[in-house]
Number of protein chains: 2
Amino acid sequence: MHKLYLMTRSEENYIKTIFHLGRQGTQDVATNAIAELMETKPSSVTDMIKKLSEKDLVNYKRYQGVSLTSLGNKTALSIIRKHRLWEVFLVEKLDFSWDEVHEVAEQLEHIKSDKLIDSLDRLLAFPKFDPHGDPIPDKNGGFKERDRDLLSEVPIRTVGVCVGVKDSSATFLKFLDKNGIALGNQIKVMEREEFDGSLNIEIDGRNMQISHVIASNLYIKTNDGI
Amino acid sequence: MHKLYLMTRSEENYIKTIFHLGRQGTQDVATNAIAELMETKPSSVTDMIKKLSEKDLVNYKRYQGVSLTSLGNKTALSIIRKHRLWEVFLVEKLDFSWDEVHEVAEQLEHIKSDKLIDSLDRLLAFPKFDPHGDPIPDKNGGFKERDRDLLSEVPIRTVGVCVGVKDSSATFLKFLDKNGIALGNQIKVMEREEFDGSLNIEIDGRNMQISHVIASNLYIKTNDGI
DNA sequence: ACAAATTTTTAGATTTGCCTAAATTTTAAT
DNA sequence: ATTAAAATTTAGGCAAATCTAAAAATTTGT
Ligand SMILES: [Mn+2]
Ligand SMILES: [Mn+2]
Ligand SMILES: [Mn+2]
Ligand SMILES: [Mn+2]
């Protein structure tokens with residue numbers, strides 16, 4: 001049924017990468033894209049894809065890109081569930097900041113124990129989102145993307161709550177910390193400068209000017225959603 | 001200074017094994033002993049020992065056995081600290097039983113993050129002993145063996161508290177559970193049958209007969225220690 | 001003391017995951 | 001429709017960690 005349990009760390013990392021690339025863009029995932037994201041060589045990717053294909057984790061035809069099978073998808077969701085639960089644990093229980101958790105979670109996500117991850121889930125009171133606002137799949141791989149919009153794309157006078165970041169690099173997260181921007185903040189878009197796309201926003205009372213780049217990496221949940 | 005951080009999982013497991021073998025017996029550790037404990041072949045052990053010797057983690061002369069250097073010892077203690085802290089975490093925070101923790105801790109002990117392990121230590125309120133009664137080294141590798149005796153070796157009428165197990169296999173631990181023997185229990189040795197070494201003990205009120213094998217795998221801390 | 005048994009090491013092979021360089025296929029441009 | 005460029009795969013090799021079989025060193029038994 002599932003040989004999920006005898007996957008190597010490397011195999012798991014490939015599956016995870018293919019999952020992430022597959023969900024932004026409707027095409028099959030390109031060898032080069034995987035290589036770039038994983039900081040490895042295209043020829044190595046081809047080797048691994050063949051192995052994953054043997055194991056029925058990906059659909060693969062030479063030169064035609066790759067996509068996850070249903071088994072591969074399930075596997076990816078299980079790894080992502082672990083990654084994000086560990087991130088919550090590190091923030092909630094060990095006082096890590098949101099820019100420190102990813103690196104450690106990259107290691108912890110490969111620990112094999114169903115009991116461990118389900119108990120962790122319970123300890124954390126079954127969180128639905130990780131510290132960056134990303135959804136946490138449940139035990140069966142089910143999860144719902146939250147309705148949200150990029151701050152850069154909502155109309156003037158939109159009001160909402162900051163619920164996620166698109167770029168979750170430590171650099172960006174630390175910038176947000178420095179400027180007092182955090183998940184949960186109330187945000188109202190006051191003005192958009194058409195010349196450079198920068199925004200004037202009101203965030204938890206304060207007034208602040210943010211560049212287009214910043215705005216296009218912040219998600220808000222508006223109040224007017226149905 | 002410390003390249004502790006670029007050790008492979010396999011190297012770490014060898015160091016840990018050499019540490020454990022080295023501390024029971026005054027001799028240098030034999031290749032065969034390592035191979036047996038790690039369920040690998042002596043030739044593989046020789047290969048790895050050479051590598052560890054290159055890295056100044058062990059002292060090695062061909063055919064003469066192996067011992068940890070000061071750096072190797074420090075490394076071993078750091079891994080054991082992680083292993084035992086994770087075991088405490090699993091029992092205290094995730095409701096694992098003491099026979100379930102070892103396997104998962106074998107994986108978790110290889111996670112690399114100083115901040116992680118020190119925060120975990122704090123979350124657990126700096127425990128001094130793991131669920132099997134074994135001491136947890138502090139951040140600097142310091143730890144004290146607790147004064148304790150094998151139940152099989154104390155004189156009749158000795159009174160003490162059960163503080164540890166020698167064999168911490170799941171089989172033995174589950175046997176103890178089934179018979180209501182746990183760390184913290186008050187124990188008084190009532191009678192020793194010289195024929196087979198079995199003991200009649202009073203444990204938390206109850207009276208019970210235990211074989212020599214059982215008694216020789218239980219540690220007690222007596223009240224009459226200086 | 002010295003042959004036999006045991007332990008340990010060497011030699012050579014295998015698997016996994018990665019690499020470089022060269023060949024092949026697909027895609028883009030004229 | 002060809003050709004040029006880009007993407008992908010193949011071929012061949014390398015390092016880590018393991019194995020088997022054979023050789024070398026040590027230990028044991030008489
Ligand atoms: Mn992450
Ligand atoms: Mn995250
Ligand atoms: Mn253990
Ligand atoms: Mn233990």
Side-chain angles (χ1 to χ4, degrees), chain A residues 3-18 21-22 25-68 72 75 79 106-107 109-110 112, chain B residues 3-18 21-22 25-68 72 75 79 106-107 109-110 112:
Chain A
K3 8 186 186 196
L4 307 200
Y5 267 51
L6 31 107
M7 289 185 67
T8 67
R9 175 171 303 225
S10 186
E11 287 170 340
E12 288 188 347
N13 284 331
Y14 274 94
I15 289 295
K16 201 173 43 139
T17 301
I18 294 166
L21 288 170
T26 172
Q27 309 256 3
D28 278 357
V29 177
T31 303
N32 271 0
I34 299 170
E36 188 171 10
L37 201 56
M38 298 191 68
E39 299 182 272
T40 183
K41 302 293 170 184
S43 55
S44 307
V45 174
T46 301
D47 284 348
M48 181 57 87
I49 283 173
K50 282 181 190 162
K51 196 194 314 180
L52 296 175
S53 180
E54 286 300 311
K55 296 192 176 193
D56 275 316
L57 290 158
V58 301
N59 306 115
Y60 172 61
K61 281 209 297 276
R62 278 163 58 260
Y63 294 100
Q64 297 309 129
V66 70
S67 64
L68 293 180
T75 305
I79 302 163
E106 285 289 305
Q107 299 179 61
E109 71 188 2
H110 301 291
K112 265 81 169 177
Chain B
K3 4 184 187 198
L4 307 199
Y5 267 51
L6 32 107
M7 288 185 68
T8 67
R9 176 171 301 226
S10 187
E11 287 170 339
E12 290 188 345
N13 283 333
Y14 274 94
I15 290 294
K16 201 174 41 136
T17 301
I18 294 167
L21 287 171
T26 171
Q27 309 258 0
D28 278 358
V29 177
T31 303
N32 270 1
I34 299 170
E36 188 172 9
L37 201 54
M38 299 191 69
E39 298 182 272
T40 182
K41 301 294 169 185
S43 56
S44 308
V45 174
T46 301
D47 284 348
M48 180 57 86
I49 283 174
K50 282 181 190 161
K51 197 196 311 179
L52 296 176
S53 180
E54 287 299 312
K55 295 193 176 191
D56 274 314
L57 290 160
V58 301
N59 306 115
Y60 172 61
K61 281 211 296 276
R62 273 163 63 260
Y63 293 99
Q64 297 310 129
V66 70
S67 65
L68 293 181
T75 306
I79 301 162
E106 285 290 303
Q107 299 179 61
E109 70 187 4
H110 301 291
K112 264 82 169 177

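For clarity, every value in this text was computed on a predicted model and none was experimentally measured.
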What is the distance, rounded to the nearest whole Å, between atom [atom1] of [X] and atom [atom2] of [N]?
X     : N      : atom1 : atom2 : result
B/K61 : C/dT9  : NZ    : C1'   : 17 Å
A/K50 : C/dT16 : NZ    : P     : 14 Å
B/K55 : D/dA16 : NZ    : P     : 9 Å
B/Y60 : D/dA25 : OH    : C1'   : 11 Å

Classify the nucleic acid contact of [X] as base, sugar-phosphate or nothing, counting any heavy atom under 4.0 Å across all strands shown.
X     : value
B/S10 : sugar-phosphate
B/T46 : base
A/S43 : base

Phosphate-side-chain proximity, B/N32 and C/dT8, N/O vs OP1/OP2 below 4.0 Å: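 Yes, because at least one side-chain N or O of B/N32 sits under 4.0 Å from OP1 or OP2 of C/dT8.
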
Is the shortest side-chain N/O distance from B/Y14 to OP1 or OP2 of D/dT18 below 4.0 Å?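 Checking B/Y14 against D/dT18: at least one side-chain N or O falls below 4.0 Å of OP1 or OP2.
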
Using a strict cut-off of less than 4.0 Å between a Lys/Arg side-chain nitrogen and an Asp/Glu carboxylate oxygen, indicate whether A/K16 and A/E106 qualify as a salt bridge.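 Salt bridge present between A/K16 and A/E106.
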
Charged N to carboxylate O below 4.0 Å: is that the case for B/E109 and B/R9?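 No salt bridge links B/E109 with B/R9.
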
Would you mind telling me which residue lines up with the more 5' stretch of DNA chain C, A/E11 or A/R62, judged by nearest nucleotide?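 Whichever sits nearer the 5' end wins; that is A/E11.
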
Quick one: closest heavy-atom pair of B/T46 and B/Y60, and the distance?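 Between these two residues, the closest heavy atoms are CG2-OH, 4.0 Å.
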
If the test is side chain to side chain contact (heavy atoms under 4.5 Å, CB included), which one of A/D28, A/V29, A/V45, A/L21 qualifies with A/V66?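 Checked A/D28, A/V29, A/V45, A/L21 against A/V66; only one passes side chain to side chain contact (heavy atoms under 4.5 Å, CB included): A/V29.
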
Going by modelled atom types, is there a donor-acceptor pair between the base of C/dT24 and the side chain of A/Y63 at under 3.5 Å?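 Under the 3.5 Å cut-off, the side chain and the base do form a donor-acceptor pair.
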
As a test of reading the structure: which of C/dT26, D/dC19, C/dC18 is closest to the side chain of A/S44, going by heavy atoms?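 So the side chain of A/S44 is nearest to C/dC18.
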
